Every structure is written in C-alpha cells, then in structure tokens.
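Structure in structure tokens, see below.
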Amino acid sequence: MKLRLITLVCAMTGGAAFAAETGPKDVQFDDYGAIEQSLTGVAGDAANGALIVGEKSKGNCVACHELTALADIPFHGEVGPMLDGAGDRWSEAELRGLVANAKMTFEGTVMPAFYKDDGYIRPGDAYTGKAPSAPLTSILTAQEIEDVVAFLATLKEQ
Amino acid sequence: MNNKALAAVTAVLAFPALVAAGPDDDNLVINDELDMISVTEAPAHTENLDTIYSGWHFRTDETQALQIDDFDNPAMIFVDQAADLFETVDGAAEKSCASCHDGVESFEGLQASMPKVDAESGKLVVMEDLINKCRTDRMEADALKWSGADMQGLVALIGLQSRGIPMNVAIDGAAAPFWEQGKEMYYTRYGQLELSCANCHEENWGNMIRADHLSQGMINGFPTYRLKQAKLISRHNRFRGCIRDTRAETFAEGSDEFRALELYVASRGNGLSVETPAVRQ
C-alpha cells in the first residue's frame, strides 16, 4: 500500500527524487504561521543551511539580517532583526513557517516567502527582469528550507 | 576625468562603505557657492515621511566629494559633450537645438516642473519626450535612445540649468490621474520577493540592505553618474534595476507606467533642489 502510494506520487511529480515532499501549495500553516511537519521527512543539514543563508543567489538572508555565526561574510543588512538567538526564541515548527512564508507569522512583513510558487504580481525569470519562460518554482527547495531551519535552530545565545 | 577625481574613485573602490545608520548631517554646497536644499520638510502628499533627504546624504564621504565640485564630478564630461551636441546640426531640417533655443540657459527652471502634462496631447511627458519631440518633429532627425549617452547627457545638461531650484511638480488637475497611477505602483509589492518601492525607500531608508545604504529613492539628482557603470543613469533605468531586484518582470524604459511612476517619485521630492548631475557609487 505504502509503496504503491509513493509510486503514484512519483508519477505525479514527474519522478522527483523526494517522493514524500510537501509542495509549496500543500503546506499546512497553523494559526500562528508555524509548520509542524517537515517538508521532506529528511533531517536538515545545518552546514548547508548556513551556506544558503549567506549565499547571494540562494537565501541571501544576510542582505537583511545580521548574525554573528556568519561574521566572515561581509555586509550584513539591518532591515530585519538580528538572528542571534533565533533558535531560542522560536521552535523548529515556527522557524519552518518563518522561512517558508514569514507573512503567515508577521502580517505584511517585508521578508520574502521562500517556499511559495504562485500569487505574485509580475513575477520575473529570477533576476533577469524578464517574464518567466517556465512555471515558477519556489526560491528555495523543500530540502533547502529544512537545511536553513536546521541551521537557525543552532543559533542559541548559550 | 582629472587626477583628483581618479584618486577619489580609487579610494571608493579600495575602502568600501562602512556601516552607517541614517542620513549624515553634512551640508551640500556645490563649488563652494551654491547652497542646495538637500534636507527639508516632506510635502503634505508624501504621507509617511516627515523629512525628505537627497540621496547624497546616504553616500560615503568619498562619493559625496565628487559631487560638490564640478571639476571633480565625472558626469561633467558627458554634460560637456551634450553642450556640443546642442550646437550640432542633424536631420533633414538641417537644424541643431541651438537653431531654435537661444542658449541652453533658457531652460532654467524647466527641470523643477518635470514631468508634466502636455496641454496639446493630454499625455504625461518627461524630459526625454521633450527632447525626442524636437529631434523627430522639428529637426527631422532620429529619436535618441532613452538611456544612451547622448540622451542622458542632454537631460543632464538641461537639468543642470535648474540646479539649486526646488523641485515643484504639479500633481493636481490634468496630472492627478497619472500621479494616482504612479502612487499605486509605488506601493505595489512586485516580483517573487514581493517588495514595493515603499518597503525599501519609505520603511527602511537609513538601513543597510547588504552593502547598500538605503536612501529615500529620490530622483532630484537624476540623471546621476554611477561610478560602478561609469556613465549617466536615467531615472527609468534606475526604476528598472530596482524592480528587477525584486525578481519581477520590469516595465520598459520610456513606458507610460514609468512616466507615471516618475511623476509620483518626483513629487515625493518636491522641495529638494534639482541636483543633477549627482554622483552615486
């Protein structure tokens, strides 16, 4: 039964590797904007999460947030709050909700949604300024979200 | 570019901006004699700002220095070239700008009122439109490319004749519907990052976004000379860049949408001196 379901999902997603993945349109947020369930069922890789948070072409979180753990990356922004201690302030489920779509936690926030693939006004083809030529994908993949969440969970004030 | 300017540019590249919160409180005086209004009370229609600041206040001392002396301002080469172009005969009618206009000084004050509605056509026009109308209708020459060096040189040259005069674009009467359209665009959260002009330039001016110190996104200094690109940058080119950075499909330079946005953004700066050609990093 279980195997058959997985085969079915694989067929629907065009044989994507992560069969148990929750797509951007199927994410369940609770009333406070948290996401209880892992998006992939695969534990996040905090080291890779750190790279995504710093990488301009990925999360580019440091464009808006300062965090001591990535002090070796130059130029952290001050648009959002300092992320030191985020792992104390928020549970894993809350962090997953914040990274996937912070607007579910903070209404109208300037923070972009990283796991969403529709509902935009004039979305472009990444940073080309042109209309997209293929269906939109979320800015980060499900596993990248899990990796970022795993990294954020390590940000403790000790 | 003279040696002093070159040295200053090198200094900017060698010592990237240090984190600085808010606008600085330097005074903008050009050539030691022209006092500019670079900080003033926000106009009543700019609802969410109390004080408006020229983008100059958000730049490093090195970049600021290039704008306060015309000998150091790298934009002036392009303005000088445009002054030659102003005198150059072109097109089937065998005329130059100077054939009809009695010296470029006669445009004093014009920039402060741009964009404006053309009474004849009822359309909102910006400086590039006025220039191209002369080129095509009166000179019978080719229209100039919107963000090309010739066009932006002329826009800067004509704008320079109003340097120091406070911006004062009309937003009522025939301009009102265009202004409303521009305002709507200013608050629309475009692109996959869902960011509006207001998210960055109204809610976060003074904050660093990565390596950039966010200004209020005023256009009184445009066309500006951008050190990174080593040329004059048009207003519409800047709008395009900012919208592209939200992972959005932008509007075209010279589109009616950008004309409307230009009117709205210009009106947010009513009261600030015309500053073109400003210098930015």
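Residue numbering restarts at 1 for every chain, and letters A, B, ... go by the order of the sequence lines. Since the structure is predicted, the reported quantities are computational estimates derived from the model, not experimental observations.
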Please name all residues satisfying side chain to side chain contact (heavy atoms under 4.5 Å, CB included) with Thr224(B), sequence neighbours left out, ordered by chain then number.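 Once residues adjacent in sequence are excluded, the partners of Thr224(B) under the side chain to side chain contact (heavy atoms under 4.5 Å, CB included) criterion are Phe222(B), Ile233(B), Ala278(B), Arg280(B).
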
Going through the distances and angles, do Arg210(B) and Ile73(A) end up as a side chain to side chain contact (heavy atoms under 4.5 Å, CB included)? CA-CA 10 Å; Arg210(B) 198 105 203 197; Ile73(A) 296 175; 3.3 Å; yes

Got more than 12 heavy atoms from elsewhere within 6.0 Å of CG, Asp118(A)?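 Yes - once you tally the heavy atoms of other residues, nucleotides and ligands closer than 6.0 Å, there are more than 12.
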
Counting a contact as any heavy-atom pair under 4.5 Å apart, which residues of residues 119-132 of chain A contact chain B?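 Contacts with chain B: Gly119(A), Tyr120(A), Ile121(A), Arg122(A), Pro123(A), Gly124(A), Ala126(A), Tyr127(A), Thr128(A), Gly129(A), Lys130(A), Ala131(A).
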
Per-residue contact mode, Thr188(B) against chain A (heavy atom under 4.5 angstrom):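 Just its side chain gets close to chain A.
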
4.5 Å side-chain heavy-atom contact, Val79(A) and Asn199(B):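 No; the side chains remain at least 4.5 Å from each other.
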
Taking only heavy atoms into account, what residues of residues 252-260 of chain B are found under 4.5 Å from chain A?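 Listed by number: none.
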
For each of Asp212(B), Leu195(B), Thr250(B), Leu214(B), tally heavy-atom pairs with chain A at distances under 4.5 Å, and name the one with the top tally.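 Of the candidates given, the most pairs with chain A belong to Thr250(B).
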
Largest heavy-atom contact set with chain A, pairs under 4.5 Å, which of Arg247(B), Arg244(B), Arg240(B):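 Result: the option with the highest number of such pairs is Arg247(B).
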
How about NZ on Lys183(B), more than 12 heavy atoms from neighbouring residues, nucleotides or ligands closer than 6.0 Å, or not?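 Check passes, neighbour count above 12.
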
More than 12 non-hydrogen atoms from neighbouring residues, nucleotides or ligands closer than 6.0 Å to CD on Glu41(B), yes or no?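 Atom CD in Glu41(B) is not crowded, with 12 or fewer foreign heavy atoms closer than 6.0 Å.
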
Should we count CG of Asp50(B) as having more than 12 external heavy atoms under 6.0 Å?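 Not buried by this count: 12 neighbours or fewer within 6.0 Å.
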
Check whether any side-chain heavy atom of His76(A) sits under 4.5 Å from a side-chain heavy atom of Met208(B), and report yes or no.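 No, their side chains stay 4.5 Å or more apart.
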
Does the Gln192(B) side chain pair with the main chain of Thr137(A), one donor and one acceptor, at a distance under 3.5 Å?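 Confirmed, Gln192(B) side chain pairs with Thr137(A) backbone.
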
What part of Ile243(B) gets closer than 4.5 Å to chain A, counting heavy atoms only: side chain, backbone, both or neither?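 It is neither, since no heavy atom gets under 4.5 Å.
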
Output the residues of residues 91-108 of chain A for which the shortest heavy-atom distance to chain B is under 4.5 Å, in residue-number order; output 'none' if no such residue exists.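 Expected list: Lys103(A), Gly108(A).
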
Going by heavy atoms in the side chains, are Glu78(A) and Asn204(B) under 4.5 Å from each other?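 No, too far: nothing below the 4.5 Å cut-off.
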
Heavy-atom contact with chain A under 4.5 Å, split by part of Arg189(B):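 Contact with chain A is through both the backbone and side chain of Arg189(B).
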
